[in-house]
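Reading through the structure tokens given below for one structure.
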Amino acid sequence: MQAATSFSQRALMWALGGILALGIAGCSAEPKERAAFIAFLQARIVDKPGLHVPRLTPAEEKSFGDYSKHFAVISDYNKSMDAKVQQPLRDMMGRNMPTTMQDLMARRADVLALHKSSVQLRAVIDTEQAAAGTRRAALKQPDDLKPVYDKAYARTVTDPGNNFKELLVVMEGMLTSAEKMADFLDAHKDQIKFSGIMAQIDDQKVLDDANVLMKELDARNAEVARAQHKLVSMISGR
């Protein structure tokens, strides 16, 4: 019995020693994987102007070990944004807005539809940012990785999402002004005569009110142009 007990103890010690050795061998790759991941984030995202979300090659994914899952938080968010936001936004921006007062009156429903689409897109961005934020909060990162990852995350998740939302907010302001102008034109259609792109208003009070609304609409259009420029600059790095 004693021999059997001795053998069992030796076997157990051998097995535990093997497990510990495997654990130590596995952990030894982490510093190298972390260093490779930090260098990748710094060179391919942080140091490059503009918005860049590289696709990992199989070799890169292997070299990062479990840190490839950290990058998946960034890449998955951007894939969702491409599918759910960027193409619909391009479609919105590609639609021709009414260019004359008559056109605005006739296409008020189109303006309302654009406004609704913009609000929905902002909600989608909020949802995607929140989902990415939850995944990011669950990551356990060493002190040397975290500041670099934070910068990469800001460049590829926080800043693009916020810039998209900023554009949508000012676009909604412009559309609200366009809706107000359409309502005004409809309310005073008997006092307004159209000739091509020109509108003749004889009543001074109606004319003054129309000019106020037109100045507001012009100001909102300028805000949209600035937001578009800011977004393009953020994406291109110029």
When the side chains of residues 179-190 are checked against the rest of the protein, which donor-acceptor pairs come out under 3.5 Å, sequence neighbours left out?
from	atom 1	to	atom 2	distance (Å)
Glu179	OE2	His115	ND1	2.8
Lys180	NZ	Glu216	OE1	3.2
Lys180	NZ	Glu216	OE2	3.1
Asp183	OD1	Arg108	NE	2.6
Asp183	OD1	Arg108	NH2	3.0
Asp183	OD2	Arg108	NH2	3.1
His188	ND1	Phe184	O	3.0

Exercise for review: Could you check if a side-chain atom of Val119 sits within less than 4.5 angstrom of a side-chain atom of Leu168, using non-hydrogen atoms only?
Suggested key: no

Using atom types as modelled, flag every donor-acceptor pair under 3.5 Å from a side chain in residues 229-238 to any protein atom, sequence neighbours excluded.
from	atom 1	to	atom 2	distance (Å)
Lys230	NZ	Glu166	OE1	2.9
Ser233	OG	Arg238	O	2.4
Ser236	OG	Val232	O	2.9
Ser236	OG	Arg238	N	3.3

Point to revise | Residues which pass salt bridge (Lys or Arg N to Asp or Glu O under 4.0 Å) with Glu61, listed by chain and number, not counting sequence neighbours | key: none

Check your understanding: Are Pro54 and Ile45 close enough that some pair of their side-chain heavy atoms sits under 4.5 Å apart?
Key -> yes

Check your understanding: Is the closest basic N to carboxylate O distance between Glu60 and Arg55 below 4.0 Å?
Key -> no

**Study point:** Transitive ILVMFWY side-chain link Leu207 to Phe194, under 4.5 Å
**Key:** yes

Review point. Any side-chain hydrogen bond (donor to acceptor under 3.5 Å, both in side chains) pairs touching residues 196-207, not counting sequence neighbours?
Key: Gln200-Asp202, Gln204-Asp208, Lys205-Asp209

Review point. Atom NZ in Lys165, atom CG in Leu121: separation rounded to 0.5 Å?
Key: 12.5 Å

Check your understanding: Does any non-hydrogen side-chain atom of Ser75 lie less than 4.5 Å from one of Asn78?
Key -> no

Review point. For Lys215, what residues pass the side-chain hydrogen bond (donor to acceptor under 3.5 Å, both in side chains) criterion, not counting sequence neighbours?
Key: none

Revision key, fill the gap. Rounded to the nearest 0.5 Å, the CG atom of Leu175 sits from the OG atom of Ser118 at a distance of 7.0 Å

Check your understanding: Is Ser80 reaching over with its side chain to a backbone N or O of Asp76, donor-acceptor style, under 3.5 angstrom?
Key -> yes

Check your understanding: How about Gln120 and Val124: do any of their side-chain heavy atoms sit closer than 4.5 Å?
Key -> no

Review point. Which residue pairs pass the ring-ring contact (aromatic ring centres under 6.0 Å, His included) test when at least one of the two sits in residues 126-183, sequence neighbours left out?
Key: none

Review point. Are the charged groups of Arg107 and Asp103 less than 4.0 angstrom apart, N to O?
Key: yes

Review point. Charged N to carboxylate O below 4.0 Å: is that the case for Arg136 and Asp150?
Key: yes

**Study point:** Contact summary for Gly50 and Arg155, nearest pair of heavy atoms
**Key:** O-NH2, 3.0 Å

Review point. Side chains of Glu30 and Tyr67: do they bring a donor and an acceptor to under 3.5 Å?
Key: yes

Revision key, fill the gap. dist Leu104:CG -> Met101:CE (nearest 0.5 Å) comes out at 8.5 Å

Review point. More than 12 heavy atoms of other residues, nucleotides or ligands under 6.0 Å from CG of Asp66: is that the case?
Key: no

Check your understanding: Can you tell me if Thr156 uses its side chain to pair, donor with acceptor, with the backbone of Ala152 under 3.5 Å?
Key -> yes

Exercise for review: Kindly compute the distance separating CD (Gln129) from OG1 (Thr158), expressed to the nearest 0.5 Å.
Suggested key: 6.5 Å

Practice item. For the pair Phe71 and Phe37, name the ring-plane relationship: parallel under 30°, tilted 30 to 60°, perpendicular over 60°. Key: perpendicular

